[in-house]
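Bear in mind the structure is a predicted one, so any value in this text is a computation, not a measurement. Within every chain, numbering begins at 1; the chains are lettered A, B, ... in the order of the sequence lines, protein sequences first and strands thereafter.
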Amino acid sequence: MPGWHQATQALQEQGKLQMVGIIQEQHPDRCRLFMQWKKMNWPILVDSLNLAGISVVPITYAIDEQGIVRSINPRPETIGEFLATKYERLHALAEAPSKPPDLKQLKPSTAENTVSAWRRYADTLFLWGGASKLDESIEAYQRALRIDAGDSVTRFRLGVAYRRRYDLETRHADDFQNAVGQWTHALELDPNQYIWRRRIQQYGPRLAKPYPFYDWIEEARRDISARGETPYPLIVEPGGAEVAKPTKTFETVTVNETEPDAKGRIRRDRVPLIAIETAVVPSTIKAGEAARAHILFRPNAKIKAHWNNESEPLRLWVSTLKGWVADNQYLAAPNAPMEVSNETRELQFEIRAPEDVSPGRFTVAAYALYYVCEGINGTCLYRRQDINLILTIRK
Amino acid sequence: MILKPSCLPSLTECLDMTAYVRFFIIFSIAVVSTIRIVDSDDSIKEVRTEVRVGEVYPQIVLPSLIDGKPMSLSDFRGKKIILHQFASW
(Lines give C-alpha, C1' and ligand atoms only; values in the text may rest on other atoms or scores of the structure.)
Protein backbone atom coordinates (compact mmCIF):
# COMPACT_ATOMS: atom_id res chain seq x y z
CA MET A 1 0.00 0.00 0.00
CA PRO A 2 2.94 2.43 0.03
CA GLY A 3 2.42 2.20 -3.78
CA TRP A 4 -1.10 3.54 -3.39
CA HIS A 5 0.13 6.13 -0.93
CA GLN A 6 2.66 7.51 -3.43
CA ALA A 7 0.26 7.34 -6.34
CA THR A 8 -2.49 9.24 -4.53
CA GLN A 9 -0.70 11.60 -2.14
CA ALA A 10 -1.00 14.67 -4.40
CA LEU A 11 -4.65 13.95 -5.28
CA GLN A 12 -5.47 13.59 -1.59
CA GLU A 13 -3.80 16.87 -0.72
CA GLN A 14 -5.77 18.60 -3.48
CA GLY A 15 -8.99 17.16 -2.02
CA LYS A 16 -9.82 15.26 -5.20
CA LEU A 17 -9.68 11.83 -3.66
CA GLN A 18 -10.19 10.29 -0.23
CA MET A 19 -8.01 7.30 0.66
CA VAL A 20 -9.49 5.06 3.37
CA GLY A 21 -7.92 1.93 4.85
CA ILE A 22 -9.46 -1.03 6.62
CA ILE A 23 -6.93 -3.15 8.45
CA GLN A 24 -7.19 -6.85 9.16
CA GLU A 25 -4.83 -7.20 12.10
CA GLN A 26 -4.93 -8.67 15.59
CA HIS A 27 -2.62 -5.90 16.85
CA PRO A 28 -3.76 -2.67 15.13
CA ASP A 29 -1.24 -0.50 17.01
CA ARG A 30 1.48 -2.00 14.82
CA CYS A 31 -0.24 -0.55 11.78
CA ARG A 32 -0.23 2.82 13.50
CA LEU A 33 3.56 2.58 13.77
CA PHE A 34 3.66 1.57 10.09
CA MET A 35 1.60 4.63 9.13
CA GLN A 36 3.93 6.87 11.12
CA TRP A 37 6.94 5.29 9.40
CA LYS A 38 5.50 5.72 5.90
CA LYS A 39 4.04 9.17 6.73
CA MET A 40 0.55 8.01 5.76
CA ASN A 41 -2.39 9.97 7.09
CA TRP A 42 -5.31 7.99 5.71
CA PRO A 43 -8.28 7.43 7.99
CA ILE A 44 -8.06 3.78 9.03
CA LEU A 45 -10.88 1.53 10.25
CA VAL A 46 -9.77 -1.33 12.49
CA ASP A 47 -11.38 -4.65 11.54
CA SER A 48 -9.66 -7.27 13.73
CA LEU A 49 -12.86 -9.40 13.67
CA ASN A 50 -13.06 -9.29 9.86
CA LEU A 51 -16.61 -7.92 9.80
CA ALA A 52 -15.85 -7.01 6.18
CA GLY A 53 -15.94 -10.75 5.50
CA ILE A 54 -13.06 -10.68 3.03
CA SER A 55 -10.87 -13.77 2.76
CA VAL A 56 -7.62 -12.20 1.58
CA VAL A 57 -5.69 -8.91 1.67
CA PRO A 58 -4.91 -6.64 -0.03
CA ILE A 59 -8.16 -5.74 -1.80
CA THR A 60 -8.77 -2.27 -3.24
CA TYR A 61 -12.13 -0.77 -4.16
CA ALA A 62 -12.82 2.37 -6.17
CA ILE A 63 -15.99 3.82 -4.62
CA ASP A 64 -17.97 6.75 -6.01
CA GLU A 65 -19.54 9.72 -4.20
CA GLN A 66 -22.65 7.68 -3.34
CA GLY A 67 -20.74 4.76 -1.85
CA ILE A 68 -21.16 2.52 -4.89
CA VAL A 69 -18.27 0.19 -5.73
CA ARG A 70 -17.15 1.04 -9.28
CA SER A 71 -14.17 -1.30 -9.60
CA ILE A 72 -12.33 -3.88 -7.54
CA ASN A 73 -8.52 -4.00 -7.48
CA PRO A 74 -8.04 -1.09 -9.94
CA ARG A 75 -4.46 -0.27 -10.88
CA PRO A 76 -3.09 3.00 -9.43
CA GLU A 77 -2.57 4.35 -12.99
CA THR A 78 -6.33 4.18 -13.68
CA ILE A 79 -7.11 6.69 -10.91
CA GLY A 80 -7.35 9.62 -13.35
CA GLU A 81 -10.05 7.86 -15.34
CA PHE A 82 -12.00 7.03 -12.16
CA LEU A 83 -11.83 10.63 -10.97
CA ALA A 84 -12.92 11.98 -14.36
CA THR A 85 -15.98 9.71 -14.62
CA LYS A 86 -19.32 11.28 -13.70
CA TYR A 87 -21.51 8.55 -12.24
CA GLU A 88 -25.29 8.70 -12.41
CA ARG A 89 -26.83 9.73 -9.11
CA LEU A 90 -28.88 6.73 -7.92
CA HIS A 91 -29.73 7.72 -4.37
CA ALA A 92 -29.42 10.57 -1.92
CA LEU A 93 -26.04 11.21 -0.35
CA ALA A 94 -27.13 12.12 3.14
CA GLU A 95 -26.76 9.45 5.78
CA ALA A 96 -26.74 9.53 9.54
CA PRO A 97 -23.27 9.93 11.04
CA SER A 98 -21.55 6.73 12.18
CA LYS A 99 -22.40 5.57 15.63
CA PRO A 100 -21.97 2.18 17.23
CA PRO A 101 -25.04 -0.02 17.82
CA ASP A 102 -26.76 0.29 21.18
CA LEU A 103 -25.54 -2.50 23.46
CA LYS A 104 -28.76 -2.57 25.49
CA GLN A 105 -30.98 -2.95 22.45
CA LEU A 106 -28.82 -5.64 20.93
CA LYS A 107 -28.88 -8.24 23.69
CA PRO A 108 -30.69 -11.18 22.09
CA SER A 109 -34.02 -12.05 23.66
CA THR A 110 -34.98 -15.66 24.25
CA ALA A 111 -37.21 -15.39 21.20
CA GLU A 112 -34.30 -14.70 18.86
CA ASN A 113 -31.86 -17.27 20.12
CA THR A 114 -29.92 -17.50 16.85
CA VAL A 115 -26.25 -17.74 15.91
CA SER A 116 -26.30 -14.37 14.16
CA ALA A 117 -28.07 -12.58 17.03
CA TRP A 118 -25.53 -13.82 19.58
CA ARG A 119 -22.61 -13.22 17.25
CA ARG A 120 -23.73 -9.67 16.49
CA TYR A 121 -24.10 -8.99 20.20
CA ALA A 122 -20.61 -10.44 20.81
CA ASP A 123 -19.15 -8.32 17.98
CA THR A 124 -20.66 -5.17 19.45
CA LEU A 125 -19.38 -5.94 22.94
CA PHE A 126 -15.92 -6.61 21.52
CA LEU A 127 -15.79 -3.46 19.40
CA TRP A 128 -17.51 -0.92 21.65
CA GLY A 129 -17.68 -2.38 25.16
CA GLY A 130 -13.99 -1.88 26.02
CA ALA A 131 -11.93 -4.24 28.17
CA SER A 132 -14.70 -4.54 30.78
CA LYS A 133 -17.09 -6.18 28.28
CA LEU A 134 -14.58 -8.62 26.79
CA ASP A 135 -15.58 -11.51 29.08
CA GLU A 136 -19.22 -10.98 28.10
CA SER A 137 -18.26 -10.86 24.44
CA ILE A 138 -16.45 -14.20 24.76
CA GLU A 139 -19.51 -15.69 26.50
CA ALA A 140 -21.80 -14.44 23.73
CA TYR A 141 -19.60 -16.04 21.03
CA GLN A 142 -19.69 -19.27 23.05
CA ARG A 143 -23.51 -19.04 23.18
CA ALA A 144 -23.55 -18.76 19.38
CA LEU A 145 -21.33 -21.84 19.09
CA ARG A 146 -23.64 -23.82 21.36
CA ILE A 147 -26.37 -23.22 18.77
CA ASP A 148 -24.09 -24.13 15.85
CA ALA A 149 -20.66 -25.61 16.62
CA GLY A 150 -19.83 -25.50 12.91
CA ASP A 151 -20.10 -21.72 12.60
CA SER A 152 -16.57 -20.96 11.42
CA VAL A 153 -16.98 -17.16 11.45
CA THR A 154 -17.94 -17.21 15.13
CA ARG A 155 -14.98 -19.49 15.88
CA PHE A 156 -12.56 -17.08 14.20
CA ARG A 157 -13.98 -14.09 16.09
CA LEU A 158 -13.98 -15.96 19.41
CA GLY A 159 -10.27 -16.63 18.76
CA VAL A 160 -9.66 -12.91 18.18
CA ALA A 161 -11.44 -12.10 21.46
CA TYR A 162 -9.44 -14.71 23.40
CA ARG A 163 -6.16 -13.34 22.06
CA ARG A 164 -7.28 -9.77 22.84
CA ARG A 165 -7.94 -10.76 26.47
CA TYR A 166 -4.61 -12.57 26.62
CA ASP A 167 -2.90 -9.24 25.94
CA LEU A 168 -4.72 -7.52 28.84
CA GLU A 169 -4.33 -7.62 32.62
CA THR A 170 -7.51 -9.71 32.80
CA ARG A 171 -5.90 -12.62 30.88
CA HIS A 172 -6.67 -16.22 31.60
CA ALA A 173 -3.59 -18.45 31.36
CA ASP A 174 -5.09 -20.52 28.52
CA ASP A 175 -6.47 -17.61 26.45
CA PHE A 176 -3.74 -17.78 23.80
CA GLN A 177 -4.03 -21.55 23.37
CA ASN A 178 -7.81 -21.19 23.20
CA ALA A 179 -7.45 -18.50 20.51
CA VAL A 180 -5.21 -20.76 18.44
CA GLY A 181 -7.63 -23.66 18.98
CA GLN A 182 -10.56 -21.62 17.64
CA TRP A 183 -8.56 -20.34 14.65
CA THR A 184 -7.32 -23.84 13.82
CA HIS A 185 -10.86 -25.21 14.01
CA ALA A 186 -12.28 -22.32 11.93
CA LEU A 187 -9.67 -22.88 9.23
CA GLU A 188 -10.39 -26.61 9.11
CA LEU A 189 -14.03 -25.68 8.39
CA ASP A 190 -13.04 -23.08 5.77
CA PRO A 191 -9.50 -23.64 4.46
CA ASN A 192 -9.83 -20.86 1.85
CA GLN A 193 -10.04 -18.10 4.45
CA TYR A 194 -6.60 -16.50 4.22
CA ILE A 195 -7.30 -13.76 6.77
CA TRP A 196 -7.83 -16.52 9.34
CA ARG A 197 -4.87 -18.52 8.07
CA ARG A 198 -2.56 -15.51 8.55
CA ARG A 199 -3.62 -15.23 12.18
CA ILE A 200 -2.22 -18.75 12.81
CA GLN A 201 0.84 -18.27 10.60
CA GLN A 202 1.73 -15.09 12.47
CA TYR A 203 2.44 -17.13 15.60
CA GLY A 204 3.12 -20.46 13.91
CA PRO A 205 6.01 -22.56 12.58
CA ARG A 206 8.46 -21.13 10.05
CA LEU A 207 7.74 -23.84 7.49
CA ALA A 208 4.13 -22.65 7.12
CA LYS A 209 4.86 -18.89 7.00
CA PRO A 210 4.51 -16.88 3.78
CA TYR A 211 6.61 -13.96 5.16
CA PRO A 212 8.10 -12.81 8.49
CA PHE A 213 5.10 -10.50 9.33
CA TYR A 214 6.64 -7.92 11.70
CA ASP A 215 10.36 -7.91 10.90
CA TRP A 216 10.02 -4.29 9.63
CA ILE A 217 9.40 -2.85 13.10
CA GLU A 218 13.03 -2.34 14.12
CA GLU A 219 13.85 -0.59 10.84
CA ALA A 220 10.74 1.56 11.19
CA ARG A 221 11.74 2.63 14.70
CA ARG A 222 15.28 3.50 13.58
CA ASP A 223 13.99 5.61 10.68
CA ILE A 224 11.38 7.37 12.82
CA SER A 225 13.92 8.13 15.56
CA ALA A 226 16.40 9.40 12.94
CA ARG A 227 13.72 11.92 11.90
CA GLY A 228 13.62 13.17 15.48
CA GLU A 229 10.18 11.69 16.18
CA THR A 230 9.16 9.24 18.89
CA PRO A 231 8.06 5.88 17.47
CA TYR A 232 4.47 5.05 18.35
CA PRO A 233 4.58 2.62 21.32
CA LEU A 234 3.31 -0.94 20.91
CA ILE A 235 1.09 -2.79 23.39
CA VAL A 236 2.65 -6.17 22.62
CA GLU A 237 6.21 -6.30 21.39
CA PRO A 238 6.43 -8.73 18.46
CA GLY A 239 9.10 -11.39 18.80
CA GLY A 240 9.88 -15.00 18.00
CA ALA A 241 7.44 -16.32 15.44
CA GLU A 242 6.17 -12.84 14.55
CA VAL A 243 9.56 -11.74 13.23
CA ALA A 244 11.08 -15.11 12.21
CA LYS A 245 11.92 -15.67 8.56
CA PRO A 246 10.09 -18.47 6.73
CA THR A 247 12.11 -21.58 5.92
CA LYS A 248 11.78 -24.29 3.28
CA THR A 249 13.30 -27.07 5.36
CA PHE A 250 13.01 -27.80 9.08
CA GLU A 251 16.26 -26.32 10.43
CA THR A 252 17.69 -27.62 13.69
CA VAL A 253 20.31 -26.26 16.10
CA THR A 254 23.02 -28.74 17.14
CA VAL A 255 23.13 -29.04 20.92
CA ASN A 256 26.52 -30.09 22.31
CA GLU A 257 25.54 -29.95 25.96
CA THR A 258 24.12 -32.96 27.76
CA GLU A 259 20.74 -32.94 29.45
CA PRO A 260 21.07 -30.68 32.53
CA ASP A 261 18.88 -32.64 34.98
CA ALA A 262 18.38 -36.08 33.47
CA LYS A 263 17.87 -37.67 36.90
CA GLY A 264 15.35 -35.05 38.02
CA ARG A 265 17.31 -34.06 41.15
CA ILE A 266 16.67 -30.33 41.06
CA ARG A 267 13.87 -29.27 43.37
CA ARG A 268 10.55 -28.46 41.67
CA ASP A 269 9.03 -24.99 41.89
CA ARG A 270 5.76 -26.04 43.48
CA VAL A 271 4.62 -22.58 44.64
CA PRO A 272 5.09 -21.73 41.73
CA LEU A 273 7.36 -18.71 41.92
CA ILE A 274 7.24 -18.59 38.15
CA ALA A 275 3.87 -19.17 36.46
CA ILE A 276 4.26 -20.89 33.10
CA GLU A 277 1.80 -20.47 30.22
CA THR A 278 2.07 -22.48 27.03
CA ALA A 279 0.53 -22.44 23.58
CA VAL A 280 1.10 -24.74 20.62
CA VAL A 281 0.48 -23.21 17.16
CA PRO A 282 -1.43 -24.54 15.29
CA SER A 283 -3.33 -26.60 17.83
CA THR A 284 -3.58 -29.61 15.51
CA ILE A 285 -1.18 -30.71 12.77
CA LYS A 286 -0.90 -33.54 10.27
CA ALA A 287 1.86 -36.18 10.31
CA GLY A 288 5.16 -34.69 9.09
CA GLU A 289 4.11 -31.10 9.87
CA ALA A 290 5.61 -28.73 12.43
CA ALA A 291 4.08 -26.76 15.29
CA ARG A 292 5.55 -23.87 17.25
CA ALA A 293 5.52 -23.92 21.04
CA HIS A 294 5.31 -20.63 22.95
CA ILE A 295 6.39 -20.89 26.61
CA LEU A 296 5.85 -17.82 28.81
CA PHE A 297 7.37 -17.39 32.25
CA ARG A 298 5.66 -14.88 34.51
CA PRO A 299 7.13 -14.16 37.98
CA ASN A 300 4.40 -14.56 40.61
CA ALA A 301 3.44 -10.98 41.48
CA LYS A 302 1.51 -11.94 44.65
CA ILE A 303 4.71 -13.03 46.39
CA LYS A 304 6.88 -10.46 44.57
CA ALA A 305 8.93 -13.18 42.87
CA HIS A 306 11.69 -11.90 40.60
CA TRP A 307 14.55 -13.08 38.45
CA ASN A 308 18.09 -13.17 39.82
CA ASN A 309 20.02 -11.71 36.89
CA GLU A 310 23.46 -12.37 38.36
CA SER A 311 23.07 -16.13 38.00
CA GLU A 312 22.72 -18.50 35.04
CA PRO A 313 19.91 -17.48 32.68
CA LEU A 314 16.60 -19.32 32.41
CA ARG A 315 17.02 -22.56 30.43
CA LEU A 316 14.55 -24.93 28.82
CA TRP A 317 15.25 -28.55 27.96
CA VAL A 318 12.97 -30.31 25.46
CA SER A 319 12.72 -34.13 25.62
CA THR A 320 11.43 -35.26 22.24
CA LEU A 321 9.57 -38.48 21.58
CA LYS A 322 11.09 -41.05 19.23
CA GLY A 323 10.88 -39.84 15.63
CA TRP A 324 9.93 -36.27 16.62
CA VAL A 325 12.43 -33.44 16.04
CA ALA A 326 12.80 -30.14 17.91
CA ASP A 327 14.54 -27.25 16.12
CA ASN A 328 16.36 -26.53 19.40
CA GLN A 329 16.45 -28.90 22.35
CA TYR A 330 18.19 -26.62 24.84
CA LEU A 331 17.07 -22.97 24.88
CA ALA A 332 18.15 -19.99 26.98
CA ALA A 333 16.37 -16.70 27.74
CA PRO A 334 18.84 -13.86 28.38
CA ASN A 335 18.99 -12.13 31.76
CA ALA A 336 18.01 -8.48 32.08
CA PRO A 337 20.88 -5.98 32.57
CA MET A 338 19.87 -5.03 36.16
CA GLU A 339 20.54 -7.18 39.29
CA VAL A 340 16.94 -8.29 39.65
CA SER A 341 13.84 -7.87 37.49
CA ASN A 342 10.35 -9.31 37.17
CA GLU A 343 9.55 -9.14 33.45
CA THR A 344 7.75 -11.92 31.58
CA ARG A 345 10.20 -14.06 29.62
CA GLU A 346 9.35 -16.12 26.60
CA LEU A 347 10.96 -19.03 24.80
CA GLN A 348 9.73 -20.53 21.55
CA PHE A 349 10.73 -23.68 19.73
CA GLU A 350 9.36 -25.77 16.92
CA ILE A 351 8.68 -29.46 16.83
CA ARG A 352 8.04 -31.65 13.82
CA ALA A 353 5.96 -34.81 13.93
CA PRO A 354 7.19 -37.99 12.18
CA GLU A 355 5.82 -38.67 8.68
CA ASP A 356 4.40 -42.03 9.77
CA VAL A 357 2.75 -40.99 13.04
CA SER A 358 -0.89 -42.03 13.54
CA PRO A 359 -3.56 -39.48 14.48
CA GLY A 360 -3.91 -38.94 18.22
CA ARG A 361 -2.73 -36.85 21.16
CA PHE A 362 0.97 -36.76 22.06
CA THR A 363 2.74 -35.22 25.03
CA VAL A 364 6.07 -33.51 24.49
CA ALA A 365 7.81 -33.15 27.84
CA ALA A 366 10.09 -30.23 28.63
CA TYR A 367 11.42 -28.61 31.79
CA ALA A 368 12.65 -25.18 32.73
CA LEU A 369 15.52 -24.41 35.13
CA TYR A 370 15.85 -20.95 36.66
CA TYR A 371 17.12 -18.83 39.50
CA VAL A 372 14.27 -17.01 41.16
CA CYS A 373 14.02 -14.90 44.32
CA GLU A 374 11.14 -14.65 46.75
CA GLY A 375 9.90 -11.26 48.01
CA ILE A 376 12.07 -8.17 48.48
CA ASN A 377 15.47 -9.17 49.91
CA GLY A 378 14.13 -12.72 50.05
CA THR A 379 15.99 -15.94 49.36
CA CYS A 380 17.00 -16.85 45.86
CA LEU A 381 16.43 -20.41 44.76
CA TYR A 382 17.37 -22.64 41.83
CA ARG A 383 14.23 -24.41 40.68
CA ARG A 384 12.91 -26.77 38.02
CA GLN A 385 9.42 -26.81 36.54
CA ASP A 386 8.10 -29.57 34.29
CA ILE A 387 6.03 -28.66 31.24
CA ASN A 388 3.82 -30.97 29.20
CA LEU A 389 2.88 -29.81 25.72
CA ILE A 390 -0.04 -31.54 24.05
CA LEU A 391 0.24 -32.00 20.29
CA THR A 392 -2.75 -33.34 18.41
CA ILE A 393 -2.18 -35.14 15.13
CA ARG A 394 -5.21 -35.09 12.84
CA LYS A 395 -5.93 -37.16 9.74
CA MET B 1 -29.74 -13.82 -21.77
CA ILE B 2 -30.60 -11.98 -25.00
CA LEU B 3 -28.72 -13.24 -28.03
CA LYS B 4 -29.24 -12.16 -31.60
CA PRO B 5 -29.13 -15.27 -33.81
CA SER B 6 -26.77 -13.64 -36.31
CA CYS B 7 -24.15 -12.94 -33.72
CA LEU B 8 -23.30 -16.36 -32.36
CA PRO B 9 -19.66 -16.39 -33.46
CA SER B 10 -18.79 -13.39 -31.33
CA LEU B 11 -20.69 -13.63 -28.08
CA THR B 12 -19.47 -10.49 -26.33
CA GLU B 13 -20.24 -8.17 -29.27
CA CYS B 14 -23.74 -9.50 -29.61
CA LEU B 15 -24.83 -9.11 -26.04
CA ASP B 16 -26.34 -5.74 -25.42
CA MET B 17 -25.25 -4.05 -22.22
CA THR B 18 -28.30 -5.00 -20.17
CA ALA B 19 -27.97 -8.60 -21.16
CA TYR B 20 -24.29 -8.56 -20.39
CA VAL B 21 -24.96 -7.17 -16.94
CA ARG B 22 -27.69 -9.75 -16.42
CA PHE B 23 -25.33 -12.50 -17.52
CA PHE B 24 -22.69 -11.19 -15.15
CA ILE B 25 -25.13 -11.11 -12.24
CA ILE B 26 -26.34 -14.66 -12.90
CA PHE B 27 -22.75 -15.82 -13.22
CA SER B 28 -21.77 -14.02 -10.00
CA ILE B 29 -24.68 -15.51 -8.09
CA ALA B 30 -23.63 -18.95 -9.27
CA VAL B 31 -20.10 -18.33 -8.02
CA VAL B 32 -21.07 -16.66 -4.77
CA SER B 33 -23.66 -19.27 -3.84
CA THR B 34 -20.89 -21.84 -3.65
CA ILE B 35 -19.36 -19.82 -0.82
CA ARG B 36 -20.92 -20.87 2.44
CA ILE B 37 -23.15 -18.07 3.70
CA VAL B 38 -23.30 -18.83 7.36
CA ASP B 39 -26.70 -17.70 8.48
CA SER B 40 -29.93 -17.46 6.59
CA ASP B 41 -31.36 -15.09 9.17
CA ASP B 42 -28.66 -12.45 8.82
CA SER B 43 -30.05 -8.95 8.83
CA ILE B 44 -28.62 -6.09 6.79
CA LYS B 45 -26.17 -5.32 9.58
CA GLU B 46 -24.38 -8.59 8.89
CA VAL B 47 -22.00 -8.23 5.99
CA ARG B 48 -21.94 -10.74 3.15
CA THR B 49 -18.72 -12.39 2.11
CA GLU B 50 -18.41 -10.57 -1.20
CA VAL B 51 -18.99 -7.03 -2.38
CA ARG B 52 -19.56 -6.66 -6.11
CA VAL B 53 -19.13 -3.84 -8.57
CA GLY B 54 -22.32 -1.76 -8.74
CA GLU B 55 -23.28 -2.37 -5.10
CA VAL B 56 -23.08 0.11 -2.24
CA TYR B 57 -20.15 -0.82 -0.02
CA PRO B 58 -21.73 -2.20 3.18
CA GLN B 59 -22.21 0.15 6.09
CA ILE B 60 -19.74 -1.28 8.62
CA VAL B 61 -19.09 0.91 11.63
CA LEU B 62 -15.62 0.25 13.03
CA PRO B 63 -13.26 1.97 15.46
CA SER B 64 -10.85 4.48 13.95
CA LEU B 65 -7.18 3.55 14.39
CA ILE B 66 -6.29 7.01 15.67
CA ASP B 67 -8.85 7.54 18.43
CA GLY B 68 -11.11 4.47 18.54
CA LYS B 69 -14.16 6.58 17.61
CA PRO B 70 -16.83 5.03 15.36
CA MET B 71 -16.17 5.52 11.67
CA SER B 72 -17.58 4.15 8.44
CA LEU B 73 -17.30 4.79 4.73
CA SER B 74 -20.54 6.80 4.77
CA ASP B 75 -18.62 9.51 6.65
CA PHE B 76 -16.99 10.31 3.29
CA ARG B 77 -20.11 10.56 1.11
CA GLY B 78 -19.75 13.11 -1.65
CA LYS B 79 -16.09 12.21 -2.22
CA LYS B 80 -14.55 9.62 -4.46
CA ILE B 81 -12.83 6.99 -2.34
CA ILE B 82 -10.12 4.43 -2.82
CA LEU B 83 -10.70 1.88 -0.09
CA HIS B 84 -7.66 -0.27 0.60
CA GLN B 85 -8.09 -3.36 2.79
CA PHE B 86 -4.66 -4.37 4.06
CA ALA B 87 -2.37 -5.34 6.91
CA SER B 88 0.98 -3.80 7.82
CA TRP B 89 3.03 -7.02 7.24
What are the two closest heavy atoms between [X] and [Y], and how far apart are they?
X: A/A52; Y: B/Y57; answer: CB-OH, 3.9 Å
X: A/Q24; Y: B/A87; answer: O-CB, 4.0 Å
X: A/G67; Y: B/R77; answer: CA-NH1, 3.6 Å

Open item on the list: Under a plain distance cut-off of 3.5 Å, with no hydrogens placed, do A/Y211 and B/W89 share a side-chain donor-acceptor pair?
Closed with: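 Short answer, yes.
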[Y] backbone acceptor or donor facing [X] side chain under 3.5 Å:
X: A/R32; Y: B/I66; value: yes
X: B/Q85; Y: A/T60; value: no
X: A/W128; Y: B/P63; value: no

Task: Test side chain to side chain contact (heavy atoms under 4.5 Å, CB included) applied to B/I81 and A/V20, A/D64, A/V69, the passing residue - done: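 Exactly one pass, corresponding to A/V20.
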I need the residue from [options] with the largest number of non-hydrogen atom pairs under 4.5 Å to chain B.
options: A/Q12, A/K16, A/R70; answer: A/R70
options: A/T154, A/I23, A/I217; answer: A/I23
options: A/I195, A/I68, A/N73; answer: A/I68

Is chain B contacted by the side chain of [X], its backbone, both, or neither, given a heavy-atom distance below 4.5 Å?
X: A/E242; answer: neither
X: A/I79; answer: side chain
X: A/Y87; answer: side chain

In Å and rounded to the nearest 0.5 Å, what is the [atom1] to [atom2] distance from [X] to [Y]?
X: B/F86; Y: A/I44; atom1: CZ; atom2: CD1; value: 4.0 Å
X: B/L83; Y: A/I63; atom1: CG; atom2: CD1; value: 4.5 Å
X: A/D47; Y: B/L65; atom1: CG; atom2: CG; value: 12.5 Å
X: A/Q66; Y: B/K80; atom1: CD; atom2: NZ; value: 10.0 Å
X: A/Y214; Y: B/S88; atom1: OH; atom2: OG; value: 4.5 Å
X: B/H84; Y: A/W42; atom1: NE2; atom2: CH2; value: 5.5 Å

Open item on the list: If you count heavy atoms of other groups shown closer than 6.0 angstrom to CD of A/E81, is the number above 12?
Closed with: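 Not buried by this count: 12 neighbours or fewer within 6.0 Å.
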Open item on the list: With heavy-atom distances below 4.5 Å as the criterion, would you say the side chains of B/F76 and A/E65 are in contact?
Closed with: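 Sidechains of A/E65 and B/F76: no contact.
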Task: A/W4 side chain near B/I82 side chain, heavy-atom distance below 4.5 Å - done: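 Touching, per the 4.5 Å side-chain cut-off.
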